Structures are given as C-alpha cells and as structure tokens.
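Presented below is the structure to which this report refers.
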Amino acid sequence: RCFRRVEGRRLTRRLTPRNILLDCFRAALVAVDGRQVVQQELTRRPLRGPWHVVAVGKAAAAMAQGAVAALGSQIAGGVIVIPVGHVPAGLNPVAHGLHVTCGSHPLPDAASLAAGQGVFDFVTALDARAQVLFLVSGGASSLVDWLVPGASLADLQALNRWALQSGAAIAQVNALRRRISRLKGGGLARIVQGRRTYALMISDVPGDDPRVIGSGLLHAFPDDHAGEPGAVALPSELRDLLDRLPSSRPNIAGVPAVPVRVVASAGTACRAAAA
C-alpha cells in the first residue's frame, strides 16, 4: 500500500494500479495537446510577419488556438476545418479573422466537399506574397476534399467505408484517396505554389511521415501502393471507380516543398506516459 508524497507531505490518494494508469494517460494527453504543442513550437521558433492560417483536422481548432497564443496580431485571418463541436473553450475565432467550417468524420459528406472548396477559395484569393501557416492533424482525410472529375461523393464515401472496415494498410488506403482527390498527394501544396508556407502537424500514423498524415495534403507520395502484393482486395464498386478514372499518377515534380515539423505523435504520448 503506497501513498503519494509531495514535498514531504503525505497525500490521501493511494497509488493504486488504476490511479497510476490514469496518471500516465493524463500525461500522454497533455503531451499531445494541440494548443500546447503549437504554442511551444512557435514560441521556440518564432515566425516573422503576418501569417494566414489553414488548419484542418480533429485537433485543428486547438492548434489554431496555440498559434493565436504565440503569434497574436501576426495572425492575418484564416480558415479552420473541424468536426462539429471541436472548437475549444477560450478560442474566439472571429476575433482573429478565422472562419470555422465543419466537415464530417469519420465518413466524409457534402460538408467535407464544401470545406474543400472553401479551403481552395481562401488560398487562391490570397495575395501572391502571402505567408500561409498550415496546421494539420488526424482526421483531415475525411474532413476536407475536392474530387477529381469523374469521382462523386458516393464514390468517396464507398472508399472510406471500405477503408474503415477492410483492415487495409494506410499506404493502400492513401494511394486510393490520392487517385480521386485534387487536394491529397500534395494537391493543396500545388494550390499555394509561389507563396511562402510552413506546416505544423500532429501525426496519427505509424512513422509520422508528412506524406501520409492527412493523406499528404502538402506532400506528394511517389509510389502507388494500391496494387502491391498482399494488398487487401478491392470490392467491385471501387475497382469500377478506378477503371473509369485516369490511371496516370500525380506529377510529384509539380509539388512545391513545404517546410514541416511534426510537433506531436503517438510516440510523444507514449514517452510522456513512460516518464
């Protein structure tokens, strides 16, 4: 029977296995808090001048909150795409010129396509000298999209249902997503070409590869993994979709380099829990 001691004082809460596990879990959550990790990163490596924010993902609003805390009046407006109900307490987006729009997660819907159009409209309307700060976290693949000609919302939903149920590897899933999206596989980076960019990401994928996070909104992936040996077989509706879409792979040479830092990941959480 153990009790926690702080500065020599005996506390009444017993260090039971359950309490120890809860302490570890809370430490893991704090370590990957979107507001905290973005504020720390931008305080440690401050940005100069005004920045427009494009934040997408389940933690996007919290990450934007961290950017506001670090940059203040340097925030020149922006757009945040999140699931419904994910604006954190204490964030007043309007006060900083941030427009919040809601996509759908884990299955995309018409709101996700509208959000993709909104991101496209916002970025393309910026001055050519504008600076764009991207904040990307898990969930971005479903929350925002802009489909290639010939692909429909029904196709996108069928793909995502299959991805959730099939057990397919993320490489295979993302290869298919890139085939039907004009944003993924570096598509969003193409849209901002010529403007100065910087990205902070919270990773929810093994290996923390920015080309995989959010299906690679800002970074092209050169290989098509959809047909690799051992890949999960596709249902007929997805095979038919791929047959009617152009088979050419995206031109990765046309994707500008976007500097990126992964500010939190599953590894971050695990290390905090261990400590």
Side-chain angles (χ1 to χ4, degrees), residues 24-45 47 53-67 70 80-83 86 105-106 132-145 160 163-164 167-178 181 183-190 192 197-226 228 231 250 252 255-275:
C24 293
F25 179 65
R26 293 187 188 103
L29 292 181
V30 169
V32 297
D33 176 76
R35 181 187 190 279
Q36 173 177 281
V37 296
V38 168
Q39 182 177 355
Q40 288 176 344
E41 177 62 27
L42 293 178
T43 301
R44 188 182 303 117
R45 297 179 178 86
L47 302 176
V53 172
V54 175
V56 184
K58 289 181 287 185
M63 296 175 77
Q65 189 177 28
I80 301 172
V81 183
I82 52 173
H86 277 57
H105 183 275
V132 186
L133 174 63
F134 291 101
L135 306 172
V136 181
S137 73
S141 294
S142 174
L143 289 167
V144 62
D145 215 333
N160 279 268
L164 291 170
I170 189 66
Q172 183 183 12
V173 172
N174 279 352
L176 294 171
R177 284 171 170 163
R178 291 192 293 269
S181 175
L183 289 182
K184 297 175 173 62
L188 182 54
R190 287 188 183 91
V192 295
T197 57
Y198 188 55
L200 301 179
M201 296 186 177
I202 295 179
S203 171
D204 64 340
V205 299
D208 306 330
D209 188 339
R211 299 173 301 175
V212 179
I213 300 168
S215 302
L217 291 171
L218 300 171
H219 301 87
F221 204 99
D223 300 318
D224 186 351
H225 292 263
E228 282 189 347
I252 65 172
V255 178
V258 176
V260 59
R261 294 190 69 87
V262 176
V263 292
S265 66
T268 306
C270 289
R271 287 189 291 273

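Quantities reported herein were computed from a predicted structural model and do not represent experimental measurements.
Lys184 is listed as a side-chain neighbour of Asp145, based on a closest heavy-atom distance under 4.5 Å. Annotation: side chain of Val32 is not in contact with side chain of Ser265 (no heavy-atom distance under 4.5 Å). Looking only at side-chain heavy atoms (C-beta outward), Phe134 and Leu217 stay at 4.5 Å or farther from each other. Contact annotation: the side chain of His219 approaches that of Met201 to within less than 4.5 Å [non-hydrogen atoms, C-beta and beyond].
Between the CZ atom in Phe221 and the CG atom in Asn174 there is a gap of 8.5 Å [rounded to 0.5 Å]. To the nearest 0.5 Å, atoms CD1 (Ile213) and CD1 (Ile170) are separated by 10.5 Å. Considering CE of Met63 and CD1 of Ile82, their distance stands at 13.0 Å, rounded to 0.5 Å. Atom CG of residue Asp33 and atom CD of residue Gln40 lie 9.0 Å apart, to the nearest 0.5 angstrom. Rounded to the nearest 0.5 Å, atoms CZ (Arg45) and OH (Tyr198) are 6.5 Å apart.
Contact record, Ser142 with Pro106: OG-O, 3.1 Å, taken as the closest heavy-atom pair. A pairwise comparison of heavy atoms in Ala70 and Thr43 identifies CB-OG1, 4.0 Å as the closest pair. Annotation for Ala189 and Val258: closest pair CB-CG2, 3.9 Å, computed over non-hydrogen atoms. Between Leu218 and Ala199 the shortest heavy-atom distance is CD1-CB, 3.7 Å. In plain terms, the two heavy atoms of Asp204 and Gly139 that are nearest each other are OD2-N, 4.1 Å. The minimum heavy-atom distance linking Ala269 with Ala28 is given by the pair O-CB, 3.4 Å.
Applying the salt bridge (Lys or Arg N to Asp or Glu O under 4.0 Å) rule to Arg271 yields no partners; only residues at least two apart in sequence or on another chain are considered. Among residues two or more places apart in sequence or in another chain, the salt bridge (Lys or Arg N to Asp or Glu O under 4.0 Å) test is passed with Arg35 by none. In this structure, the side-chain hydrogen bond (donor to acceptor under 3.5 Å, both in side chains) partners of Asn160, at least two apart in sequence or on a different chain, are Arg177.
When the options Val260, Val136, Val37, Leu42 are evaluated for a side-chain contact (heavy atoms from CB on, under 4.5 Å) with Leu200, the one that passes is Leu42.
Between the side chain of Asp208 and the main chain of Ser203, no donor-acceptor pair closer than 3.5 Å is present. Listed for the Ser137 side chain is a donor-acceptor partner under 3.5 Å among the backbone atoms of Lys58.
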Might you work through the side chain to side chain donor-acceptor pair (under 3.5 Å) test for Ser215 and Ser141, ending with a clear yes or no?
CA-CA 6 Å; Ser215 302; Ser141 294; 2.7 Å; yes
